[in-house]
*Asks:* 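This is the structure I want to talk about, given as structure tokens.
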Amino acid sequence: SCAIFWISSTGAVVNNSNFINNYAAAYAGAIDFDVTPYVTIVNSAFTNNNALRGGAIFNRLNINNLTIINSNFTNNGASQDLGGAICSEENTHINNIKVDSSKFSNNHANTNGGAIYSKSVTNFNITDATFTDNTAGYGGAIQTYNVDSMVVIQSNFTANKATSAGGAIGVDTGNVNIANSNFTGNKATSGYAGALGVQTGNVSVSDSRFISNEANGNNGNGLGGAVYLTHNITSANIDDSVFVSNNAQANGGAIYARR
């Protein structure tokens, strides 16, 4: 079982705490939150925690707000599928996910979301965060589905890898706004979207830098060395941004957009 299984009708706050080398045979190597209105994690560290799903943290049901501030997630893993560091349950809707001034390094998931996996989120806000050397099948650092609004500000994504798509970030459906952020050396090793991949929604990128990202898929799948956008994108705006030394095995060394 996990280190803590938390059920509360009033919410949960984890402050100035360390979770190291915890393991769960199923979900949540460190903390499993269930039926908890809000979860706030501050000044804490999660290191070498492992589970089948949600290597460090697993959110089950009725989590309205998940807030992570000034915390570190390092070497956590989901050996079966989702969320190397943090996983939100498939059937859970979260109103707000906020990640602020936190670091995610060397986390890994077997399928989706090397650092964070989420499904069905109203607002997903990332500010002043660092994602380095995280790996997964889809979304080397982050994989999210059905997000109304995803905003990434002043954050760095470096050397994250996805075997299939979204070396740094993969978004299935959602509106994505990225500002003043850096994507460097991220890779889709056998697919598309070296740094950022969005399937459906609206995309805005401003004042950001994409450097040395790669999409290395074979048989025509290496599309979008830095950014990959499908024909389902409603609108895409890229302003005041820099793309340098990105590479695609097939098409779109910097950006691949299909209509």
Side-chain angles (χ1 to χ4, degrees), residues 1-7 14 17-34 36 39 41 44-61 63 66 68 71-92 94 97 99 102-121 124 129-146 157-172 186-191 193 197 216-217:
S1 62
C2 60
I4 299 174
F5 181 75
W6 198 313
I7 300 177
V14 177
S17 298
N18 295 301
F19 296 82
I20 303 170
N21 294 332
N22 298 288
Y23 170 77
Y27 301 160
I31 307 177
D32 189 336
F33 292 105
D34 192 2
T36 305
V39 174
I41 297 170
S44 295
F46 295 78
T47 307
N48 294 330
N49 301 287
N50 288 274
L52 294 181
R53 180 179 293 180
I57 295 172
F58 185 78
N59 300 312
R60 290 180 182 268
L61 298 171
I63 307 293
L66 171 62
I68 299 169
S71 294
N72 296 327
F73 294 79
T74 308
N75 294 329
N76 301 288
S79 60
Q80 175 175 282
D81 48 21
L82 311 174
I86 299 171
C87 176
S88 294
E89 170 64 64
E90 292 277 306
N91 298 318
T92 297
I94 298 181
I97 296 177
V99 178
S102 295
K103 297 179 179 179
F104 295 78
S105 304
N106 294 295
N107 302 287
H108 55 90
N110 193 43
T111 59
N112 295 348
I116 301 174
Y117 171 85
S118 68
K119 185 174 183 178
S120 188
V121 180
F124 192 162
T130 301
F131 294 81
T132 306
D133 288 317
N134 302 286
T135 60
Y138 291 86
I142 300 169
Q143 180 69 36
T144 185
Y145 292 82
N146 300 327
F157 294 80
T158 305
N160 301 286
K161 295 180 182 179
T163 55
S164 295
I169 300 175
V171 179
D172 182 74
N186 302 286
K187 295 181 180 180
T189 58
S190 300
N216 293 324

*Asks:* Which heavy atom of V14 sits nearest to which heavy atom of F33, and what is that distance?
*Replies:* CG2-CZ, 4.4 Å
*Asks:* Measure across G83 and A78 and return the closest heavy-atom pair with its distance rounded to 0.1 Å.
*Replies:*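 Distance-wise, the nearest heavy atoms are O-CB, 3.5 Å.
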*Asks:* To the nearest 0.5 Å, tell me how far L66 CG sits from I41 CD1.
*Replies:*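 Here the interatomic distance stands at 6.0 Å.
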*Asks:* State whether the number of non-hydrogen atoms from other residues, nucleotides or ligands found under 6.0 Å of F124 atom CZ is greater than 12.
*Replies:*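 Yes, enclosed.
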*Asks:* Over all heavy atoms of both residues, which pair between A136 and G114 is shortest? Give the atoms and the distance, please.
*Replies:* CB-N, 3.4 Å
*Asks:* Atom CG in D133, atom NZ in K161: separation rounded to 0.5 Å?
*Replies:*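 Result: 7.5 Å between the selected atoms.
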*Asks:* Spell out, as yes or no, whether a donor-acceptor pair under 3.5 Å connects the side chain of N110 to the backbone of Q80.
*Replies:* yes
*Asks:* Taking C-beta and beyond as the side chain, do F73 and I57 meet within less than 4.5 Å on heavy atoms?
*Replies:* yes
*Asks:* What closest approach, in Å, do A165 and A188 show between heavy atoms, and which atom pair accounts for it?
*Replies:*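 For A165 versus A188, the nearest heavy atoms are CA-CB, 4.4 Å.
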*Asks:* Look up atom CG in L52 and atom OH in Y23, then write down how far apart they are to the nearest 0.5 Å.
*Replies:*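 Going from CG on L52 over to OH on Y23, the span is 6.0 Å.
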*Asks:* Using every non-hydrogen atom in the two residues, find where G55 and N76 come nearest and quote the distance to one decimal.
*Replies:*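 Result for this residue pair: C-CB, 4.4 Å.
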*Asks:* Just by modelled atom types, is the N160 backbone N or O under 3.5 Å from a matching donor or acceptor in the N186 side chain?
*Replies:* yes
*Asks:* Below 4.5 Å, heavy atoms only, C-beta onward: do F46 and I86 meet side chain to side chain?
*Replies:* no
*Asks:* Nearest 0.5 Å please: distance from the CG atom of N75 over to the CG atom of N134.
*Replies:*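 One gets 9.5 Å once the value is rounded to the nearest 0.5 Å.
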*Asks:* Could you give me the CA-CA distance, side-chain angles and deciding distance for F157 and I142, then say whether side-chain contact (heavy atoms from CB on, under 4.5 Å) is met?
*Replies:* CA-CA 10 Å; F157 294 80; I142 300 169; 4.1 Å; yes
*Asks:* Mark yes or no for whether N49, through its side chain, and N22, through its backbone, hold a donor-acceptor pair below 3.5 Å.
*Replies:* yes
*Asks:* Which atom names give the shortest non-hydrogen contact between V99 and A129, and what distance separates them?
*Replies:* CG1-CB, 4.2 Å
*Asks:* State, with a plain yes or no, whether a side-chain heavy atom of N112 is found less than 4.5 Å away from one of Y145.
*Replies:* yes
*Asks:* Is there a side-chain contact between T135 and K187, using heavy atoms and a 4.5 Å cut-off?
*Replies:*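 Result no, sub-4.5 Å side-chain heavy-atom pair not found.
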*Asks:* As an exercise, state the distance from OH of Y138 to OG1 of T163, rounded to the nearest 0.5 Å.
*Replies:* 7.5 Å
*Asks:* Let me confirm one number: the OG-CG distance from S118 to N59, rounded to the nearest 0.5 Å.
*Replies:* 10.0 Å
*Asks:* If you define the side chain from C-beta out and look only at heavy atoms, does anything of V121 sit under 4.5 Å from S88?
*Replies:*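 Of all side-chain heavy-atom pairs linking S88 with V121, none is under 4.5 Å.
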*Asks:* Tell me yes or no: between the side chains of S71 and S44, is some donor less than 3.5 Å from an acceptor?
*Replies:* no
